[in-house]
Amino acid sequence: MKRRALIAIVAISLLTGCTVPAMNKAKLKEEPTSSFVKDRNYKVLAKYWDDNATKQTIDFKGASFMTIWESDQIAEITIGNGPYYGMIELRALSDTSTKVTTFERGTLSSRIQEWADLIKNAP
């Protein structure tokens, strides 16, 4: 009986896309997974993502968030809002150039990679 229960739990975890969240943003940002520079303004790229990206849901609820800090010239795109499952940071290098850094955790890494590719290929 215990074996069946364990198998059921494992099956449910696999079928529902069980993820491994970072507990907080600082922990997630300790290990960037990739970065590149895009010759576009960070706010233009953030808007392009917002207009064109497939947004993530967790438990049938919206789980994609974007925050822009104009004073720091940074935009953050996250899956989750504490705990965090992944993040993209858009940091202005100049008015026309942005450093894009990704931070990934668990099975939602593919969504972060998809979003990074979208940003990389933005017109």
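Just the heavy atoms: all of them, side chains too, but no hydrogens, waters or symmetry mates, feed the values below.
Of all heavy-atom pairs between Ile74 and Arg91, the closest is CD1-NH1, 3.2 Å. When every heavy atom of Thr78 is checked against every heavy atom of Gly80, the shortest pair comes out as OG1-O, 2.9 Å. Heavy-atom minimum distance, Thr101 versus Pro32: CG2-CB, 3.7 Å. What you find for Ile112 and Met87 is that their closest heavy atoms are CD1-N, 3.5 Å. Between Tyr48 and Leu118 the shortest heavy-atom distance is CE2-O, 3.6 Å.
Phe65 and Leu45 fall into different hydrophobic clusters, where Ile, Leu, Val, Met, Phe, Trp and Tyr are joined by side-chain heavy atoms under 4.5 Å apart, directly or via other members. Put simply, Tyr85 and Met66 are part of the same group of oily side chains (I, L, V, M, F, W, Y) that touch within less than 4.5 Å, one to the next.
Under the 6.0 Å distance and 45° angle rule, Lys120 does not count as a cation-pi partner of Trp115.
Applying the side chain to side chain contact (heavy atoms under 4.5 Å, CB included) test to Ala116 and every residue at least two apart in sequence or in another chain returns Phe36, Ile88, Thr102. Among residues two or more places apart in sequence or in another chain, the salt bridge (Lys or Arg N to Asp or Glu O under 4.0 Å) test is passed with Glu70 by Lys43.
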Can you list the steps and then say if Ile79 with Arg105 is a side-chain contact (heavy atoms from CB on, under 4.5 Å)?
-> CA-CA 10 Å; Ile79 298 176; Arg105 294 286 280 212; over 6 Å; no

Do Lys47 and Asn52 pass the side-chain contact (heavy atoms from CB on, under 4.5 Å) test, and can you show the C-alpha distance, the side-chain angles, and the key distance before you say yes or no?
-> CA-CA 9 Å; Lys47 180 167 180 9; Asn52 295 284; over 6 Å; no

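Checking side-chain atoms of Thr98 against main-chain N and O of Arg40 turns up a donor-acceptor pair under 3.5 Å. With hydrogens and angles disregarded, a donor-acceptor distance shorter than 3.5 Å links the side chain of Asn24 to the backbone of Ala26. Between the side chain of Lys38 and the main chain of Leu90, no donor-acceptor pair closer than 3.5 Å is present. Remark: the backbone N or O of Ser97 is not paired with any side-chain donor or acceptor of Asp39 at under 3.5 angstrom.
Annotation: Asp117, atom CG; neighbour count of heavy atoms from other residues, nucleotides and ligands within 6.0 Å is above 12. Heavy atoms from other residues, nucleotides or ligands lying under 6.0 Å from NZ of Lys29 number more than 12.
For Glu104 and Thr33, the side-chain atoms include at least one donor-acceptor pair closer than 3.5 Å.
Side-chain contact check for Glu76 versus Phe103: every heavy-atom pair is 4.5 Å or farther apart. In this structure, Leu108 and Gln56 have side chains that are in contact, with non-hydrogen atoms separated by less than 4.5 Å. Residues Tyr42 and Gln73 meet the side-chain proximity criterion, which asks for heavy atoms closer than 4.5 Å.
Rounding to the nearest 0.5 angstrom, the gap separating the CD atom in Glu89 from the CD1 atom in Ile77 is 10.5 Å.
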